[in-house]
Every structure is written in structure tokens, then in C-alpha cells.
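Before any comments, here is the structure.
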Amino acid sequence: AMANPLLRRALLINENALGPDHVDVAMNLNNLALLLHSQEQYTEAESLHKRALEIKEKTLGADHSDVAISLNNLAALYSTKEGYKQAEKLYKRAMLINEKVYGLDHLSVATSLNGLAVLYEERGKYEKAEALYRRALRIVEKELGPEHPTVAASLNNLASLYSIQMLYSQARPLLKRALKIWVKTLGSEHPDVATGLENLAQLQRKTNQDKEADLTEKNAAKIRAMER
């Protein structure tokens, strides 16, 4: 709650000092919009994201990498509001910019791929989603190495897609690999490890491994208890 007035004050200071169309003002707008998005204040968040995007396009040019960041943020907001067509258009534009600026295998491209994949998954376009998740996974493995937490998140995304389709034998090794990475890189008591355990427990329940699921859920609950 404290962050909101602080971000608003920073925005006001920069608007007064630098003018309403300065790139630093766009950054302030973006930070405030992300906070409002997280607080489910979608209407104001959308307005601020749009203003940040307009400033960046005007000052930096339509194909600048910072424009792609704003496009991804606005797309994520539309996705939350189920404005899938608008979100798809923005994610695709961001991806094209990032491919042009950084090349096909950059992490920023993976961000747009994941966003698009989530859209397709939510609309039941599973083949399209799988292809994008797999490409994103290849990028993060290449750029960050096979045992990075971001790789684990990508594995988890793909496993979730397989679980929705009841392709449990394909989901299981991905979930286990993701869990191993999280334990190794973040420690056994990290909230992401709890998430990995909960996802694995769900799969174990769906495949009638109730005893294993009980144990997995207990381990997850221990970690969650530490968070409180």
C-alpha cells in the first residue's frame, strides 16, 4: 500500500521537472501501472500503460526495445482482462521488435513467446501453445543454462499444458526436472519449491498415486507454513 503514493509522487516530480513526455516519466508510469495491475485496478493501469507506450513511441521510435517492454506489459494486462485479441496483437508486435533488435534467441523474445503461449492455452489452442512454450524453453536453456530458475518456470509451463490435456506421462518428467532445479538453485524451503511440489501432487492425484501425493502435499505445506 505504501508503494502507491511513493510511485505517484515520483511521477509528479518527474513530470514537473522533465515535462510530461520524457522517457523517465514513461518509466514512472510503467512502474505505477504494474503495481495497479497487481492490485486489480485494471482501468487506471491500462490508461497509464497506454500513456507510457505513447511517450516511448514518440521519443524513442516505434521499433525500440523499450517500446516492446511496454507492449508486453499492456498485453499482459489485456490477457488478465480476457482481451485476448488485443493481447495477441501486442505480444506479436513486441516479439517482432525484439527479434529485430536482439535476434531470434534473446530472452526478451522468450517473454513474448510465453505471453502468447498462455493466451493460446487459455483459448484451447494447445498445439500453438506447445510450439511457443518449447521455443521459449530452448531460448532460456541456451541463454541461461539448463539449471536456471527461469528454465524451471518454462518447464512448469509446458508441464501444465500437458496436464490440461491429460498427457500425464509427458508432464511428470518436466515437473520433476523443474523441482530439482528450484531446490538446487533456490534452496529446499523456497516458495517456488512449494509450488513445484503442489503441481507434482496434483499430477500424482490425477494418476491415482494418492500415498505419494499425501507426502508431496505435506512437504509443500511445511514450506508454506514457513512463509507466514
Side-chain angles (χ1 to χ4, degrees), residues 26-27 29-54 56-57 60 62-144 148-165 171 174-175 178 192 195-196 199:
M27 189 173 71
L29 289 163
N30 180 66
N31 292 340
L32 183 54
L34 289 171
L35 177 67
L36 292 169
H37 182 172
S38 73
Q39 295 173 340
E40 298 182 9
Q41 295 179 49
Y42 301 134
T43 304
E44 190 182 359
E46 180 182 350
S47 173
L48 296 179
H49 273 315
K50 281 181 172 177
R51 194 179 147 207
L53 177 60
E54 282 172 16
K56 288 180 182 181
E57 286 176 327
L60 302 171
D63 292 336
H64 194 278
S65 57
D66 280 1
V67 170
I69 291 169
S70 277
L71 289 166
N72 275 330
N73 289 338
L74 190 53
L77 178 68
Y78 284 137
S79 183
T80 304
K81 293 170 63 183
E82 299 185 1
Y84 298 132
K85 282 189 178 178
Q86 290 162 297
E88 182 179 3
K89 188 178 171 185
L90 295 173
Y91 275 133
K92 283 181 174 177
R93 189 181 153 206
M95 188 164 66
L96 287 171
I97 291 170
N98 284 326
E99 285 176 342
K100 187 177 173 183
V101 173
Y102 298 116
L104 297 176
D105 292 339
H106 194 267
L107 290 174
S108 58
V109 175
T111 300
S112 295
L113 287 166
N114 272 322
L116 267 174
V118 169
L119 281 188
Y120 290 139
E121 182 180 336
E122 287 175 352
R123 290 157 75 187
K125 298 181 178 181
Y126 298 134
E127 281 184 26
K128 278 188 172 183
E130 182 182 355
L132 297 178
Y133 277 139
R134 285 198 169 279
R135 188 180 158 203
L137 176 59
R138 281 196 300 274
I139 291 171
V140 293
E141 282 180 323
K142 183 182 173 186
E143 294 295 303
L144 301 171
H148 192 278
T150 304
V151 172
S154 272
L155 290 163
N156 198 60
N157 288 341
L158 194 52
S160 171
L161 180 69
Y162 287 141
S163 289
I164 286 168
Q165 298 172 84
L174 299 178
L175 285 177
D192 286 358
T195 300
N199 291 342

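Just so you know, these numbers use all the heavy atoms, side chains as well, and skip hydrogens, waters and symmetry mates.
Taking T111 as the reference, nothing meets the side-chain hydrogen bond (donor to acceptor under 3.5 Å, both in side chains) condition, with sequence neighbours excluded. Q165 meets the side-chain contact (heavy atoms from CB on, under 4.5 Å) test with Y126, L161, Y162, L167; sequence neighbours excluded.
Residues E121 and A129 approach most closely at N-CB, 3.8 Å, considering heavy atoms. The minimum heavy-atom distance linking A68 with A94 is given by the pair O-CB, 3.7 Å. The minimum heavy-atom distance between I97 and D63, with the atom names listed, is CG2-O, 3.4 Å. Between S108 and Y102 the shortest heavy-atom distance is OG-CD1, 3.3 Å. N114 and A136 make their closest contact through OD1-CB, 3.8 Å (heavy atoms, listed as atom of the first residue, atom of the second, distance). For the pair S79 and A87, the tightest heavy-atom approach, listed with the atom from each and the gap, is N-CB, 3.9 Å.
Y78 and E46 are linked by a side-chain donor-acceptor pair at a separation below 3.5 angstrom, with hydrogens and angles left out of the test. For T80 and H37, the side-chain atoms include at least one donor-acceptor pair closer than 3.5 Å. Between the side chains of S65 and N98, no donor-acceptor pair of N or O atoms lies under 3.5 Å.
In this structure, the side chain of S38 engages the main chain of L35 through a donor-acceptor pair within 3.5 Å. A donor-acceptor contact shorter than 3.5 Å links the side chain of S163 to the backbone of A159. With hydrogens and angles disregarded, no donor-acceptor distance shorter than 3.5 Å links the side chain of K56 to the backbone of V67.
At a threshold of 4.5 Å between non-hydrogen side-chain atoms, the residues L71 and Y91 do not count as touching. Within the 4.5 Å cutoff, the side chain of D66 has heavy atoms near those of the I69 side chain. Two residues are said to be in side-chain contact when any heavy atoms from C-beta on lie closer than 4.5 Å; L155 and L175 fail this criterion. Contact of the N31 side chain with the M27 side chain is registered, since non-hydrogen atoms from C-beta on lie closer than 4.5 Å. Side-chain contact between L137 and N157: absent, with no pair of heavy atoms (C-beta onward) separated by less than 4.5 Å. In this structure, S112 and N72 have side chains that are in contact, with non-hydrogen atoms separated by less than 4.5 Å.
For the salt bridge (charged side-chain N to carboxylate O under 4.0 Å, His left out) condition, the pairs that include at least one residue of residues 105-118, sequence neighbours left out, are D105-K142.
Between L90 atom CG and H49 atom NE2 the span is 11.0 Å, to the nearest 0.5 Å. The CZ atom of R123 lies 7.5 Å from the NZ atom of K128; values are rounded to the nearest 0.5 Å. Rounding to the nearest 0.5 Å gives a distance of 12.5 Å between CD of E57 and NE2 of H64. To the nearest 0.5 Å, the span separating CG on L144 from CD1 on I139 amounts to 10.5 Å.
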Report the C-alpha separation of L32 and L36 in whole Å, then their side-chain angles, then the decisive distance to 0.1 Å, and conclude whether the side chain to side chain contact (heavy atoms under 4.5 Å, CB included) test is met.
CA-CA 6 Å; L32 183 54; L36 292 169; 4.1 Å; yes

Go through L113 and M95 one step at a time and tell me if the side chain to side chain contact (heavy atoms under 4.5 Å, CB included) criterion holds.
CA-CA 7 Å; L113 287 166; M95 188 164 66; 3.4 Å; yes

Decide yes or no on side chain to side chain contact (heavy atoms under 4.5 Å, CB included) for L174 and N156, but give the supporting numbers first.
CA-CA 7 Å; L174 299 178; N156 198 60; over 6 Å; no

Pair Y120-E88, side-chain hydrogen bond (donor to acceptor under 3.5 Å, both in side chains): steps then yes or no
CA-CA 9 Å; Y120 290 139; E88 182 179 3; 2.8 Å; yes

May I have the step-by-step check of side chain to side chain contact (heavy atoms under 4.5 Å, CB included) for L116 and K92, ending in yes or no?
CA-CA 8 Å; L116 267 174; K92 283 181 174 177; 3.9 Å; yes

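Here K50 does not pair with E44 in a salt bridge; the nearest charged N to carboxylate O distance is not below 4.0 Å. We find that R134 and E130 are joined by a salt bridge, their nearest charged nitrogen and carboxylate oxygen being less than 4.0 Å apart.
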